[in-house]
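Notes follow the structure.
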Number of protein chains: 2
Amino acid sequence: MENKQKITIKDIARLTGLSKGTVDRVLHNREGVSKKSYAKVMKVIEDLGYEPNIYASLLAQNKERVVAVLLPRSKDGDFWELAEPGIVRGMDFGRNFGIKVQKVDYDQYDIESFRSACDEVLALEPAGVALPPMFKNETLVFTAKLRAANIPYVYFDSKLEDNGYLAYYGMPIYQSGYLCASILTDEMDMKEVGIIRIQRDKHGQSDPTINRREGFIDYISEHFPKCRISNVFINPNKPREIDGILAGFFAENPGIQSVAMFNSRIYLITRFLEKHPEKKCRVVGFDNLAANLLALKKGLVTSLIAQRPDVQVFSAISALTEYAVFGKAPAKRDNFMPMDILTRYNAEYY
Amino acid sequence: MENKQKITIKDIARLTGLSKGTVDRVLHNREGVSKKSYAKVMKVIEDLGYEPNIYASLLAQNKERVVAVLLPRSKDGDFWELAEPGIVRGMDFGRNFGIKVQKVDYDQYDIESFRSACDEVLALEPAGVALPPMFKNETLVFTAKLRAANIPYVYFDSKLEDNGYLAYYGMPIYQSGYLCASILTDEMDMKEVGIIRIQRDKHGQSDPTINRREGFIDYISEHFPKCRISNVFINPNKPREIDGILAGFFAENPGIQSVAMFNSRIYLITRFLEKHPEKKCRVVGFDNLAANLLALKKGLVTSLIAQRPDVQVFSAISALTEYAVFGKAPAKRDNFMPMDILTRYNAEYY
DNA sequence: AATTTTTCCGTTACCGTGCACGGAAACGAA
DNA sequence: TTCGTTTCCGTGCACGGTAACGGAAAAATT
């Protein structure tokens with residue numbers, strides 16, 4: 001194998017007695033080649049293990065291609081803001097290969113804006129699309145179009161089982177809930193736990209927190225069958241209500257020493273707890289938003305379970321780039337990325 | 001900015017009234033260009049934001065360069081084995097850019113083998129070297145030679161303060177000890193803790209466990225000033241002695257409920273603990289060796305603090321590759337990578 | 001047999017950079 | 001002035017692959 005005189009199409013042309021034009025036709029399955037010539041070329045390619053020089057190929061093609069990233073528009077200390085550095089890194093990475101990485105964002109609460117963002121992406125005729133599935137049904141419609149247009153796509157953050165994606169980069173959702181419970185109950189005999197949830201009134205949004213809650217509840221019932229689980233609902237759009245609701249909740253359930261929340265808004269709860277230092281709660285939440293990290297530093301949150309949206313989106317972009325440029329699919333299709341446990345002593349290194 | 005007619009050296013040549021040969025000389029800081037021409041070319045480059053086409057560049061160069069990775073030879077379930085996947089990934093990555101990534105390993109207990117490995121690396125005339133500093137003095141000698149030969153090098157795992165490295169990818173060592181103590185004492189009133197250490201008799205090896213132990217002890221004395229800290233030494237090369245030593249240690253210090261170890265060999269301890277289930281110890285160790293992970297699964301280890309040698313070595317290789325190919329230095333010089341907290345419920349995703 | 005059509009293939013001009021070669025101009029020394 | 005040196009720069013080929021163009025040969029039609 002180690003006769004490393006990198007063979008070229010010129011070599012193949014010489015060995016087959018054909019011209020490099022014909023070899024090129026064979027390599028790209030273009031028409032206009034006799035069966036005999038085709039077979040001859042293929043044999044030499046097999047025998048010598050020809051691998052095209054991608055630099056030369058890309059140079060000759062000399063066209064700019066684009067990889068689109070479709071995701072919710074981030075504001076302030078939002079979850080999606082965490083993905084931003086990954087997109088920037090992805091742009092850098094793509095640029096090395098002549099790939100333009102273009103972000104297309106939408107309002108995650110406005111399905112119309114999602115639809116038009118999808119159209120915008122299609123109009124780009126991208127070489128690949130990276131996206132988290134937010135609106136479930138619309139996403140399925142969109143990815144069906146992508147498949148029809150033969151455009152590869154990669155899910156990140158969470159995924160749908162549409163069986164057509166090139167790869168997935170994200171957390172194992174259920175297990176993250178399980179992990180959450182195990183941290184919350186570490187070294188304790190858990191008697192009572194509070195779950196704080198967000199009132200949803202949306203049209204079929206893909207909601208990972210449901211699956212996460214299942215993992216949580218399973219852990220609790222496996223390890224502490226007698227533990228009481230109480231739920232309370234808040235609405236993050238009406239922040240003034242929250243304190244009252246929580247005060248009522250804790251008053252009704254005075255035994256609660258542990259609190260969990262399955263979305264990224266745990267900071268809403270610690271705002272309340274900070275004002276009521278008499279409540280010494282063990283608190284576990286998700287995602288390293290700036291506000292959450294602050295609460296962690298202050299000791300109001302015991303641990304955060306974090307994923308790294310930046311790493312995920314970068315992985316998605318680089319997978320699509322390598323697929324577009326080198327034609328190689330990612331080694332693994334489903335890439336469950338680590339669930340990082342953040343405490344006040346290691347958080348700053350993430 | 002968006003006048004995206006990708007400009008080329010030919011354009012620059014035209015605009016400056018020079019030839020592409022001269023433009024090329026300017027771009028590569030080669031001699032034989034008058035100050036005036038140099039300035040003219042640079043101005044146009046600045047103004048138009050010229051970026052070279054790397055496909056064309058690599059195609060034209062058409063030469064194989066090598067990035068060397070110098071590290072201890074790994075055996076069985078060794079720490080260094082964990083780096084292996086990162087090297088493979090690095091090879092893949094490098095291949096995309098016509099860079100050959102070559103591993104050169106040595107016996108970490110044999111300074112002579114290290115010296116000859118260094119010579120081997122130098123003989124390769126590499127475009128870059130990635131290495132963890134094992135033998136401190138010898139490493140300084142080696143990196144001095146690299147600097148003299150103008151070969152960039154990147155430390156990973158740990159680093160020396162030689163002020164000449166291109167980048168560092170590794171854990172914040174001291175903080176990892178601090179974190180270790182915080183996990184070990186979580187929710188407990190810590191009265192007594194055992195530290196298990198390895199007898200060293202080596203010639204000036206760079207030993208991160210010392211710094212780590214400092215972090216640990218600082219945390220304990222800050223949070224539990226009255227806590228007693230006992231040390232015991234084992235020799236991993238004489239495994240038959242270990243059980244006896246530990247039995248003696250626990251007999252002498254019956255109050256010990258928590259155990260820490262600052263190298264990757266915590267599995268040596270859990271082997272003993274498994275045979276003595278009456279000792280219910282909280283145990284925290286380092287690094288996700290297969291044997292450690294097994295102990296974690298069995299519940300013999302509470303948590304492992306892990307770094308990701310594979311990610312570190314891959315980061316080192318890709319940094320060197322990008323430096324060699326694109327001439328761009330890494331964004332940050334000192335890259336302190338996350339200290340991952342592994343429990344039995346999240347370990348498998350690392 | 002003469003023609004058109006189809007099939008097949010070689011030629012050639014790129015793509016953007018790198019670099020060796022050699023020549024012109026400027027400079028210095030005699 | 002003449003001749004050698006040095007400085008500076010343009011020319012042209014190479015790198016490996018792509019694809020348009022057009023022509024020769026084979027097949028089909030008249």
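Residue numbering restarts at 1 for every chain, and letters A, B, ... go by the order of the sequence lines.
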Between B:Asp334 and B:Tyr169, is there a side-chain donor-acceptor contact under 3.5 Å, judged purely by atom types and distance?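 Judged by distance alone, the side chains do not pair up.
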So, B:Ser116 versus B:Ser113: side-chain donor-acceptor pair below 3.5 Å or not? no
Between [atom2] on [N] and [atom1] on [X], what's the gap in Å once rounded to a whole number?
X	N	atom1	atom2	answer
B:Arg30	C:dG18	CZ	P	8 Å
B:Arg14	C:dG16	CZ	C1'	14 Å
A:Gln61	C:dC14	CD	P	18 Å
A:Ile54	C:dC15	CD1	C1'	15 Å
B:Asp24	C:dG18	CG	P	5 Å
B:Lys35	D:dC9	NZ	C1'	17 Å
B:Arg25	C:dA20	CZ	P	11 Å
B:Ile9	C:dC15	CD1	C1'	12 Å

Pi-cation contact, B:Tyr168 with B:Arg333 (under 6.0 Å, within 45°):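 Judged by the rule (NZ or CZ under 6.0 Å from the ring centre, within 45° of its axis), B:Arg333 is not positioned above B:Tyr168.
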Within 45 degrees of the axis of the six-membered ring of B:Tyr106 and under 6.0 Å from its centre: does B:Arg73 put its NZ or CZ there?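 Checked: cation-pi criterion not met.
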Please classify the nucleic acid contact of [X] as base, sugar-phosphate, or nothing, using heavy-atom distances under 4.0 Å.
X	result
B:Asn53	sugar-phosphate
B:Leu27	nothing
B:Gly17	sugar-phosphate

D:dG16 OP1/OP2 closer than 4.0 Å to side-chain N/O of A:Ser57: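 So the side chain of A:Ser57 is outside the cut-off, no N or O lying under 4.0 Å from OP1 or OP2 of D:dG16.
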DNA chain D: B:Asn62 or B:Val23, which has the more 5' nearest nucleotide? B:Val23
Identify, between B:Gly32 and A:Tyr50, the residue whose nearest nucleotide on DNA chain D lies closer to the 5' end.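 Result: B:Gly32.
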Under 3.5 Å donor-acceptor pair, B:Lys20 side-chain atoms to C:dG18 base atoms: yes
